[in-house]
Amino acid sequence: QVQLVESGGGSVQAGGSLRLSCTASGYTFSNYCMVWFRQAPGKEREGVAAIRPGSGSTYYADSVKGRFTISQDNAKNTVYLQMNSLKPEDTAMYYCAAKTAGCYGIWGVPEYFSTWGQGTQVTVSS
């Protein structure tokens, strides 16, 4: 059974940092595209960052480039999202998602992803 478990959310002041973790089980980690999505109240779910553990290719939304870094630890089947210089507009529920094969061109589209974690809340105060 494929499972994703997120952790690391919390509340910080603007300019602060958080690191989210997503640990996968039940499948071969390197064969999947792993993505962090987020959803704020009243807004659509949006892709934040993606990584293809097999190749190390990464992708970022323009809104987080230069502030967020996605990385992997293949030995732990874990993907991380390091979030620096956080802004109040980064406040959202953050979800980890996975799909087979590559990320290119579709990583920001939630409908392509069938496996999701439970989400972890990130709140940034001004």
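We count residues from 1, following the sequence as given.
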*Considering residues at least two apart in sequence or located in another chain, which fulfil the side-chain contact (heavy atoms from CB on, under 4.5 Å) criterion with Gln3?*
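Residues passing side-chain contact (heavy atoms from CB on, under 4.5 Å) with Gln3: Gln1, Ser25.
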
*Thr78: side-chain contact (heavy atoms from CB on, under 4.5 Å) partners, not counting sequence neighbours*: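 Testing Thr78 for side-chain contact (heavy atoms from CB on, under 4.5 Å), a comparison that skips the adjacent residues, returns Ser21, Thr23, Lys76, Tyr80.
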
Taking only residues two or more places apart in sequence or in another chain, which ones pass side-chain hydrogen bond (donor to acceptor under 3.5 Å, both in side chains) with [X]?
| X | value |
| --- | --- |
| Gln82 | Asn84 |
| Asn74 | Gln72 |
| Ser7 | none |

_Holding to salt bridge (Lys or Arg N to Asp or Glu O under 4.0 Å), I want the full list of residues that pass it with Lys65, two or more places apart in sequence or in another chain._
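For Lys65 the salt bridge (Lys or Arg N to Asp or Glu O under 4.0 Å) partners, ignoring immediate neighbours, are Asp62.
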
*For Arg19, which residues count as a salt bridge (Lys or Arg N to Asp or Glu O under 4.0 Å) partner, sequence neighbours excluded?*
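Counting only residues at least two positions away or on another chain, Arg19 forms no salt bridge (Lys or Arg N to Asp or Glu O under 4.0 Å).
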
Please answer: with hydrophobic residues joined when any side-chain heavy atoms are less than 4.5 Å apart, are [X] and [Y] in the same cluster?
| X | Y | result |
| --- | --- | --- |
| Val79 | Trp107 | no |
| Met93 | Leu81 | no |
| Tyr95 | Leu18 | no |

Might you point out which heavy atoms bring [X] and [Y] nearest each other, and give the distance in Å?
| X | Y | value |
| --- | --- | --- |
| Gly108 | Pro110 | O-CD, 3.3 Å |
| Arg67 | Leu86 | NH1-CA, 3.9 Å |
| Leu4 | Ala24 | CD2-CB, 3.6 Å |

*Sequence neighbours left out, what pairs pass disulfide (SG to SG under 2.5 Å) with at least one residue falling in residues 41-85?*
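Sorted pair list comes back empty.
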
_Pairs satisfying disulfide (SG to SG under 2.5 Å), at least one member in residues 42-98, at least two apart_ =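 Non-adjacent pairs meeting disulfide (SG to SG under 2.5 Å): Cys22-Cys96.
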
_Pairs satisfying side chain to side chain donor-acceptor pair (under 3.5 Å), at least one member in residues 52-61, at least two apart_ =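 Of all non-adjacent pairs touching residues 52-61, those that pass side chain to side chain donor-acceptor pair (under 3.5 Å) are Ser55-Ser57.
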
Throw together a table of side-chain donor-acceptor distances under 3.5 angstrom for residues 112-120, partners on residues two or more places apart or in other chains.
unit_1, atom_1, unit_2, atom_2, d
Trp116, NE1, Phe113, O, 2.9
Gln118, NE2, Glu6, O, 3.1
Thr120, OG1, Gly9, N, 3.1

What pairs of donor and acceptor atoms, side-chain ones from residues 33-44 against any protein atom, are under 3.5 angstrom apart with sequence neighbours left out?
unit_1, atom_1, unit_2, atom_2, d
Arg38, NE, Glu46, OE2, 2.6
Arg38, NH1, Asp90, OD1, 2.9
Arg38, NH1, Tyr94, OH, 2.9
Arg38, NH2, Glu46, OE2, 3.2
Gln39, OE1, Arg45, NE, 3.1
Gln39, OE1, Arg45, NH2, 3.1
Gln39, NE2, Lys43, O, 3.1

